[in-house]
Amino acid sequence: MYNYNDFEKKWQTKWKEENIGVSNRDETKPKFFLIWAYLTVSGFHHVGHMRGYSYADAVCRFKRMQGYNVLLSAGGHASGNGAVSKALKVKENDSDTIEYYKSKGLTKENLDQISTPEGFVDFFSQMYVKDYISYGYLVDDRRFTVTTYPDYQKFIEWQFRKLKEKDLLVQKPYFATACVKCGPVAVDPSEMDLSKGGNAEKQEFTIIKLKFEKENQFILVATLRPETVYGQTNIWLSSEEEYVKIKSGDETWIASKDFYEKIKYQVDNLELLGQSFKGSELLGKYVTPPIINREIIILPSSFCDPKIGTGIVTSVPSDAPADWMGLYDLQRSKEECDKYNLDFETIKDIKLIPIIKSKDFGDFPAVEICENMKINSQKDTEKLEIAKKEVYKKGYHTGVMSEVCDEYAGLKVEVAKDKIKQKMIDENNAFIFYDLSEEVLCRCSSPVVIKRIDDQWFIKYSDKQLTEKTIEYVKEMSILPDSFKKNLPNVLNWFDDRACARQGTWLGTKLPFDPSYTVEPISDSTLYPIYYLVSLYVNQGRINVEQLTEEFFDFVFLGKGNSIEVAKNISIDINILENIRKDVIYWYPLDINLGGKEHQTVHFPTFLMNHVAVFEKNFYPKGIFVNWWVVSNGGKISKSKGGVGSIGSEAEKYSVDAIRLFYANIASPFVDITFEEEDLKTYKQRLERIFVFIENIISSNEFKEDLKETELDRWFESKFNLRLQTIIESMEKIEFKAATDEIYFNFYNDFSWYLKRGGINKKVIFSVLKKWILTMGLFTPHTSEELNSLVGNKTLVVKQTFPEIEIEKINLSLDDKEKNVEKMISNLRNVIKLSGLEKINKISLFVSESWKYVFYSEVIAELEITKNVGQIISKFISKYPDNKQEVSKAIPKLLKQPMSKENIKTQEEDYNFLISIKDFLELTFNTSIEIIKAEESDNEKAKSATPGKIGFLVE
RNA sequence: GCAGGGGUUCCCGAGUGGUCAAAGGGGCAGGACUUAAGAUCCUGUGCUUAGUGCUUCGCAGGUUCGAAUCCUGUCCCCUGCACCA
């Protein structure tokens, strides 16, 4: 019986008792050090996390069984505001939150504990460790650490001092996404910090100041296309919306109230002047834009949104479809103009200005595209959006500025754009404004805006030397998948300076030289694999936080200073200090950092660059493994959104091993997969089937001791070794699917075939069986241990050596022979089917006439000399005058479908072989079989037999 | 836009120059076992045929004795783009 729920616990306990996951330095053995990327401590594990972990554990178990001293470490990431805001919700007794945690089985005491950020982090990180154990991952949990622990923070302080020493920290102004209440937040689709708007993009608007009525009074318009200033014919605003006057120094600006609420975070010392007023008050008046310096009229439109930009839009009807429709709507309706008190004739007189010449378009792209797309009104917003993108794309990439554009005439749009923008900014006629493309709300539900920060700290990832050095090193690394390895240099080149610390009340490490800043979550998780080598000593109480000084880290990580001095200075036992240093030298560099695909563009690049920046080359990481996601209904399974059950209930339903096998076998690690109940069931059944199959073998009394090895036995051993070869090669290349195909499917089939063919050699069966069970230790370790003990092995699978290939047992010709049997059976079946006979009484098998064996060998030899068919035929016809027809047919065929000499046996051999499988064939076809040499029969089928091709007669 | 990935037989998904009508699994069909269901086992699953031949790996061309695999063009789909490990 496959009682996985019982034996999973049993073996986990056993591993724990025998300290299998515990890894200590052992210079007599080669080491292998693997980590998986930190998990953010923000809630429960879900089955998606188990994908990467299962891969990591399989690799580690393989290495372990190959004699490596393996260290698999894990920790938690808690910097940022995740834990803070979640704990707050518990503290505030938010009913949904409380309900949720209660449904997950948390007690009153648990809830009390997680109502503070620290308690929250402790509670969940302890749960993570339990989860690792319950899925059988052999993690060295003595080293577990969290980024918010005081000892870890000492490590981060050290790291930032190193970066500063190397001039890789710089300060400059920055426009950060920030909650108006909480400070900087991350705007990203995972919405870790947000309650809404994770998909928003940061957009750069150019705000142009248009002179209006008085000296130093300006109407502000926002544009993404500053190069189109030459084509302005008017500006748009909404007659119904409210606008305000804003005082900035001695200037007065007119824009929407919403704009004021956003720009005040980017420009200092602004204040509102007087009351707000309706846009209609401005209609029909004139403004003067910079650069073109001519008056243009203010007109109404329906598409001005006070929430976008300044709520006022400059109009370039030649190139902006919406502007064209807006103008067109007015120009063809006197009624509409009258409504706003506008002079119809003036409006009709407004002429478009050709400013950009681009591929596929004439002077006025906006007009053309509106005609082509049959857009008839400014209200047709959906089509206008598409039209805008199309015109913009063409204009930006293929456009050239026209002759009306002064000194910019003839320039490409992409060049002119920046020049015109810069000129307006330099002359104080414009400034830059950053905005989000959609509404974003913080987790605290306050709005998120873009805020200017003057002295923001950055890590200088743009540093040329650092970038080049890293790119150069990447070439030497083992990185999977290959597509990521290829893309990584691009990512590194693209990687710009990164704001590395924020001002706010988050969990994390303060910058040692500027405590108003807290290191941001990405930046404090780049060098951490090396810290697992220290956290062990801290967790064991052999070193305390105060002793983790700069001098200490310099010594243990960089080998600076000498142990006597350092030990004295920080008052520590010199043995401990030297042991840490020795551990570092032994375990580092890291062999594999394994993480999900989301890390490709942020974590992995920073992980690499920081290592390159801080350490010598012998400490650079050796490998990266990226796994894709587990998705449900098209989206990533997330901790908060649910979709599948908890990892505990899924394990109960399907077994841990089935889940692990599912991840290894369902697809390559480099595609997203869906956690489907049907698939899980299949894998569970597959394991159960194998389990019962082996149980039956163990209890069977059909097998015999002390038998001489038959060809079939030797084929069986050969086959296993061939499979084993593939398994080992696949594991070395980290190809789980190929490995598990062999272990759980193909070899299972081979084994069944062996038994079906009548294999009964107990010694052979059990020697192979034991090894097969060991191979299962990589992916389904619990099942493997259970079977291993059932088969009478007292040593744990994890403690055994992975089976080695016995090359001498591999016999390809036996394999061919067995394949031929299968092929023959399949051919026979086909023939039986085609015969149309209801019932088969007898099958006759004809072995080819003996002269043909000689003849075939001769022809094959001849074909190596010449391919001239005619010549060969005439030669052999004279040699075999009695078989002219036979000869002239066989030769062209042999040319077309060449046979190797090795495949031509003798008649006697073929005959004896058929005799040897006669019983098996009779059993398979449930009829009597007669084996006849072709010379002894007159049947035409007897003549059709050739060497390598048995003649069939079914009747 | 920048950078990258991909289109395989009913489905998932292997497969990078011949041994490929294309692994493995699933589904479906038939059979065995069973009182029955489930599980398990066997067989089949492009068309055709006494073991043959033909057509197929997004589409169109090309290289080659030979292409799912290489090249060119083309259509379609997907991912990331920054403070989120």
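- In this entry the distance linking CZ of A/Arg689 with P of B/G38 reads 15 Å, nearest Å.
- Here the P atom of nucleotide B/G44 and the CG atom of A/Leu828 are 13 Å apart, to the nearest Å.
- Rounded to a whole angstrom, the distance from the P atom of B/U43 to that of B/C54 is 28 Å.
- One can place OH of A/Tyr461 at 14 Å from P of B/C83, the figure rounded to the nearest angstrom.
- An aromatic stack links A/Phe952 and the base of B/G51, using centre distance under 5.5 Å and interplanar angle under 30°.
- Side chain of A/Leu834, nearest nucleotide from B/U49, B/C83, B/C42: B/U49.
- The partner of B/U9, taking Watson-Crick or G-U wobble pairs whose two distances both stay under 3.5 Å, does not exist in any strand shown.
- A/Lys719 has no carboxylate O lying under 4.0 Å from a charged side-chain N of A/Glu818, or vice versa, which leaves the two without a salt bridge.
- For A/Asn830, the listed nucleotide lying nearest its side chain is B/U49; candidates were B/U49, B/U43, B/U40.
- Nucleotide B/G66 has no partner under the Watson-Crick or G-U criteria, as no pair reaches both atom distances under 3.5 Å.
- Between B/G1 and B/G46, the distance separating the two C1' atoms is 44 Å to the nearest Å.
- Residue A/Val831 has its side chain nearest to B/A50 when only B/U49, B/A50, B/A82 are considered.
- Between A/Tyr38 and A/Tyr532, the ring planes are perpendicular. Angles over 60° get that label, and only those under 30° would be called parallel.
- Taking only side-chain atoms of A/Leu953, from C-beta outward, the nucleotide of B/A39, B/C83, B/A50 with the closest atom is B/A50.
- Closest to the A/Tyr748 side chain, of the nucleotides B/U40, B/G25, B/C83, is B/U40.
- The separation of B/G26 from B/C42, taken at their P atoms, amounts to 12 Å, rounded to a whole angstrom.
- In this structure, B/C54 and B/G46 make a Watson-Crick or G-U wobble pair, each of the two defining distances being under 3.5 angstrom.
- Listed nucleotides B/A39, B/G25, B/A82 differ in distance to A/Asp496; the shortest reach to its side chain belongs to B/A82.
- When the P atom of B/C41 is taken as reference, atom CZ of A/Phe751 falls 15 Å away, rounded to whole Å.
- Taking only side-chain nitrogens and oxygens, A/Tyr174 comes nearer than 4.0 Å to OP1 or OP2 of B/C83.
- Cation-pi geometry between A/Lys172 and A/Phe458 is met: the NZ or CZ atom falls under 6.0 Å from the ring centre, inside 45° of the normal.
- In this structure, A/Arg757 forms a cation-pi arrangement with A/Phe920, its terminal cationic atom sitting closer than 6.0 Å to the ring centre and no more than 45° off the ring axis.
- Taking the centre of each ring, A/Tyr55 and A/Trp628 stay at or above the 6.0 Å mark.
- Taking atom P on both nucleotides, B/G17 is separated from B/C12 by 26 Å, rounded to a whole Å.
- In this structure, A/Val954 reaches the bases: a heavy-atom distance under 4.0 Å links it to at least one base atom across the strands shown.
- Pairing partner, B/G80: B/C2, with both Watson-Crick or wobble hydrogen-bond distances short of 3.5 Å.
- Ring geometry for A/Tyr53 against A/Trp36 counts as parallel: the plane angle stays under 30°, on a 0 to 90° scale with 60° as the upper cut.
- Between A/Tyr517 and A/Trp457, the ring planes are perpendicular. Angles over 60° get that label, and only those under 30° would be called parallel.
- Put simply, A/Arg829 has no side-chain N or O that comes within less than 4.0 Å of OP1 or OP2 on B/A50.
- Going from atom CH2 of A/Trp457 over to atom P of B/A82 covers 25 Å, rounded to whole Å.
- Base pairing of B/U40 is made with B/A32, judged by Watson-Crick or G-U wobble geometry with both donor-acceptor distances under 3.5 Å.
- Base engagement by A/Glu520 is indicated by at least one non-hydrogen atom pair under 4.0 Å involving a base atom.
- When heavy atoms are screened at a 4.0 angstrom cut-off, A/Gly951 is found touching base atoms of the nucleic acid.
- The gap from the C1' atom of B/A32 to that of B/A39 amounts to 14 Å, rounded to the nearest Å.
- On the C1' atoms, B/A29 is 13 Å away from B/C10, given to the nearest whole Å.
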Identify the pairs formed between an N or O of the protein and an N or O of nucleotides 12-15 of chain B at a distance under 3.5 Å, and give each distance.
from	atom 1	to	atom 2	distance (Å)
B/A14	OP1	A/Ser668	N	3.2

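- Listed nucleotides B/A50, B/A3, B/C83 differ in distance to A/Asn490; the shortest reach to its side chain belongs to B/A3.
- Between A/Phe604 and A/Phe484, the two ring planes are tilted [angle within 30° to 60°].
- Distances were taken from every side-chain heavy atom of A/Trp494 (C-beta onward) to each of B/G25, B/G51, B/C81; the shortest belongs to B/C81.
- When only modelled atom types and interatomic distance are considered, A/Gln159 and A/Thr526 share a side-chain donor-acceptor pair under 3.5 Å.
- Across B/C65 and B/G58, the matching C1' atoms stand 28 Å from one another, rounded to whole Å.
- Ring pair A/His611/A/Phe607 is perpendicular by interplanar angle, where above 60° counts as perpendicular and below 30° as parallel.
- Nucleotides B/U72 and B/U63 place their C1' atoms 10 Å apart, quoted to the nearest Å.
- Between the CZ atom of A/Arg225 and the P atom of B/G1 there is a distance of 15 Å, given to the nearest Å.
- Distance NZ (A/Lys823) to P (B/U19): 12 Å, rounded to an integer number of Å.
- The distance from atom NZ of A/Lys451 to atom P of B/C83 is 15 Å, rounded to the nearest whole Å.
- Nearest-nucleotide positions on RNA chain B for A/Phe495 and A/Ser483 put A/Ser483 closer to the 5' end.
- Residue contacts shown for A/Ile950 include a base, since a base heavy atom lies under 4.0 Å away.
- A residue-by-residue look at A/Thr682 and A/Ala37 shows that A/Thr682 has its nearest nucleotide of RNA chain B further toward the 5' end.
- Comparing B/G4, B/G26, B/U49 by their nearest atom to the side chain of A/Asn487 picks out B/G4.
- Within 6.0 Å of NZ on A/Lys823 lie no more than 12 heavy atoms contributed by other residues, nucleotides or ligands.
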